[in-house]
Amino acid sequence: MRLLSIELFKLWHNRISKILILGYFMLIFSVAILSTIKVELGPIEFHLADQGIFNFPYIWHFNTFMIGLLKIFFAIIIVAMIGNEYSYKTLKQNLIDGLSKGEFLRSKIYAILAFVITSTLLVFIISLILGGIYSDYNELQIVFSDLEYLLAYAVKLFGFFSFCLFLSLLIKRSAFALGLLAFWQVFEGIAYGLMKWKLSDYIPFLSAEDVFKFFPLNAMGNLIKEPFSRLSAIQNIADQIGEGFNKDYDISVLSLLIVLAWSVLFLRGAYLLLKRRDL
Amino acid sequence: MSDTILELDQLSKSFGNLKAVDQLSLKLKRGNVYGLLGPNGSGKSTTLGMILNVINKSSGSFEWYQGQITTHQALKKIGAIIERPNFYPYMSALQNLKLICKIKQCSYKTIEEKLDLVGLWDRRDSKFSTFSLGMKQRLAIAAALVNNPELLILDEPTNGLDPEGIHQIRKLITTIAEMGTTILLASHLLDEVEKVCNQVIVLKNGVKYYEGPVDQITQTFGYFELKAIDQTALKNFLKKLPQTKEVKSENNHIRLNLNAELSEEELSKKLAGANIFITHFVKKRPSLEQQFLTLTKAQ
């Protein structure tokens, strides 16, 4: 708790991170705004909330996916909170004042955990409210089915933030760390393309997908698959044009494990970096 | 509780081929004011970095409080200022000190007293980024004192300050030393060390050249500066004295270095007896600065 309070103290007294954190939590509520989208085109009236996006249990999938997109906001905070410690040389001062390197890292991890938990709780509450208003089904066992999406959401966020923490400790400068994150995303895409093109020529029993699912960002993305093609409206259209989707939208245990394994690796790597370096 | 706060044993640090600190052994005892002397690049800051947990040692060891507690626990009981003051620029002086109290696990109660001591209580709510360098350095001292440390480590505390700032900091250090706090002051400014320290450690190229009380390093038999109408006669006479170590012509006077006690009275009587009439006659003791230069040059 002491370590967490140290980190929150640092974040709370920084105006920019305060605005970003509050902004992030506000944005989560903006999903609710989606429910008010109504398009009237002459005789055709389109009300998004009526399309079934807020139906239980589908809402768990939809909201965790949509709100999950906002994680980049908090990624900026994490990268900045490490970058600042280096540029202000306060990391050095913290160590001199009697924080150990392990404690320093733990204070950051606790802050991330606190954030992930708050965010997950908020998603839970908002989904419950929106679903309560708009859902066609309100039986308890339907409402509380598919809650594993929340677990996947928490793991996805934690994995992503661990990656950000590692990158920012590696690079020490916020802007470059974010750049590397973007670069890594592109790199995974290119690597996938290359593997799809050539991998089976060399190793016939391995498909590109088999390898690709172990890449960190892709594994995080795989945790919660896009929910749109699951919407009944879109399913109907697809069926009509004879192109039915047969996608598995469930959370796979393997993906969860892959992301957790990456998180452990990133945090361990971050600790070793910190420990080895002279300041 | 034992007197030894910190003990270094053969502590070394290399950066590639360069040996920044070479097998340094030291003991810091409670109640002393230590001066760590050495020219720039002599390994002072690297040594402090190692004992302060920010630089990894290459070999050797050090122990805080006879190894009874880990380094980071020990650091909570001491106070240290290195090179430049490092604080969160977006926080006020008061917020910065509160954060340090959280890290050091001490109460907020001392904050007012320490800010008052360094004359910053009125500026407690100003952001750190608005402070002048002198104020930042004073805040650093307040921060280092906030836990009532048993040992205060200062690395070049007056570096980059204007004369006014230097004076304020020195006065503060003297005040703190008088309160009985053990101090380790690293500096290349010798008069600074001479004024406040009672023990000195001299480092050059990472090697310890001298360790001991300040007055011992400056305690020699001193020297005379003389001028006479007949310089050659004076020189020949001085060379025959039993207390003479060396006779040198310097500028337009003669310098007599001694290897035994010789008072002004005794020498002037002897000179009068030899009919040598002098126009200039002073006995001097070398300053720490001169001693330091001879020490580091000699080897």
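Here is how names work: the chains are called A, B, and so on, in the same order as the sequence lines, proteins then strands, and each is numbered from 1.
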A.B. asks: For B:Asn56 versus A:Lys101, what's the shortest heavy-atom pair and its separation?
C.D. replies: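 For B:Asn56 versus A:Lys101, the nearest heavy atoms are OD1-NZ, 3.8 Å.
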A.B. asks: Does a sphere of radius 6.0 Å around CZ in B:Arg124 hold more than 12 heavy atoms from other residues, nucleotides or ligands, not counting ones at 6.0 Å or beyond?
C.D. replies: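 Enclosed.
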A.B. asks: Check each atom of B:Ile82 against the heavy atoms of chain A and say whether the ones under 4.5 Å are side chain, backbone, both or neither.
C.D. replies: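 Side chain of B:Ile82 only, per the 4.5 Å heavy-atom cut-off to chain A.
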A.B. asks: Which distance, rounded to the nearest 0.5 Å, do you find between the NZ of B:Lys76 and the CG of A:Leu99?
C.D. replies: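 It is 7.5 Å, given to the nearest 0.5 Å.
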A.B. asks: How long is the gap from CG on B:Asn86 to CG on A:Asn94, to the nearest 0.5 Å?
C.D. replies: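 CG of A:Asn94 is found 10.0 Å from CG of B:Asn86.
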A.B. asks: Which bit of A:Arg277 comes within less than 4.5 Å of chain B, counting heavy atoms only: side chain, backbone, both or neither?
C.D. replies: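 Backbone only.
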A.B. asks: What is the minimum heavy-atom distance between A:Ile96 and B:Leu75, and which atoms define it?
C.D. replies: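 For A:Ile96 versus B:Leu75, the nearest heavy atoms are O-CB, 3.5 Å.
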A.B. asks: For atom CZ of A:Phe9, is the number of surrounding heavy atoms from other residues, nucleotides or ligands below 6.0 Å larger than 12?
C.D. replies: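 For A:Phe9, atom CZ is crowded (more than 12 foreign heavy atoms under 6.0 Å).
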A.B. asks: So with a 6.0 Å cut-off around OH of B:Tyr108, is the heavy-atom count from everything else above 12?
C.D. replies: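 For B:Tyr108, atom OH is crowded (more than 12 foreign heavy atoms under 6.0 Å).
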A.B. asks: Given heavy-atom pairs under 4.5 angstrom as the criterion, report whether the side chain, backbone, both or neither of B:Lys127 touches chain A.
C.D. replies: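 Only the side chain of B:Lys127 comes within 4.5 Å of chain A.
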A.B. asks: To the nearest 0.5 Å, how far apart are CG in A:Asp278 and CZ in B:Phe15?
C.D. replies: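 Here the interatomic distance stands at 5.5 Å.
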A.B. asks: Between A:Leu279, A:Leu95, A:Asp97, A:Ile6, which shows the greatest number of heavy-atom pairs under 4.5 Å with chain B?
C.D. replies: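 If we count pairs closer than 4.5 Å to chain B, A:Asp97 comes out on top.
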A.B. asks: What part of A:Lys10 gets within 4.5 angstrom of chain B, counting heavy atoms only: side chain, backbone, both, or neither?
C.D. replies: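 Both parts, backbone and side chain.
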A.B. asks: Should we say atom CE of B:Met179 is surrounded by more than 12 heavy atoms from elsewhere, each under 6.0 Å from it?
C.D. replies: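 For B:Met179, atom CE is crowded (more than 12 foreign heavy atoms under 6.0 Å).
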A.B. asks: Going from NZ on A:Lys92 to CD1 on B:Ile55, what distance comes out if it is rounded to the nearest 0.5 angstrom?
C.D. replies: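 It comes to 6.5 Å.
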A.B. asks: Flag yes if more than 12 heavy atoms outside A:Lys89 fall under 6.0 Å of its NZ atom; otherwise flag no.
C.D. replies: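 Not buried by this count: 12 neighbours or fewer within 6.0 Å.
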A.B. asks: Measure A:Ser107 against the heavy atoms of chain B and call it side chain, backbone, both or neither at under 4.5 Å.
C.D. replies: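 Neither the backbone nor the side chain of A:Ser107 comes within 4.5 Å of chain B.
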A.B. asks: Just grab all the ring-ring contact (aromatic ring centres under 6.0 Å, His included) pairs involving residues 114-156 of chain B, residues at least two apart or on different chains.
C.D. replies: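 Residue pairs passing ring-ring contact (aromatic ring centres under 6.0 Å, His included), neighbours aside: B:Phe87-B:Phe128.
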A.B. asks: Pull out the residues in residues 91-103 of chain B that come under 4.5 Å of chain A, heavy atom to heavy atom, sorted by number.
C.D. replies: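 Within residues 91-103 of chain B, the residues that come under 4.5 Å of chain A (heavy atoms only) are B:Met91, B:Gln95, B:Lys98, B:Leu99, B:Ile100, B:Lys102, B:Ile103.
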A.B. asks: Tell me whether the count of non-hydrogen atoms from other residues, nucleotides or ligands lying under 6.0 Å of CZ in A:Arg2 goes above 12.
C.D. replies: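 Yes, the 6.0 Å shell around CZ holds more than 12 heavy atoms from other groups.
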A.B. asks: Check the surroundings of atom CD1 in A:Ile72: do more than 12 heavy atoms from other residues, nucleotides or ligands lie under 6.0 Å from it?
C.D. replies: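 Yes, the 6.0 Å shell around CD1 holds more than 12 heavy atoms from other groups.
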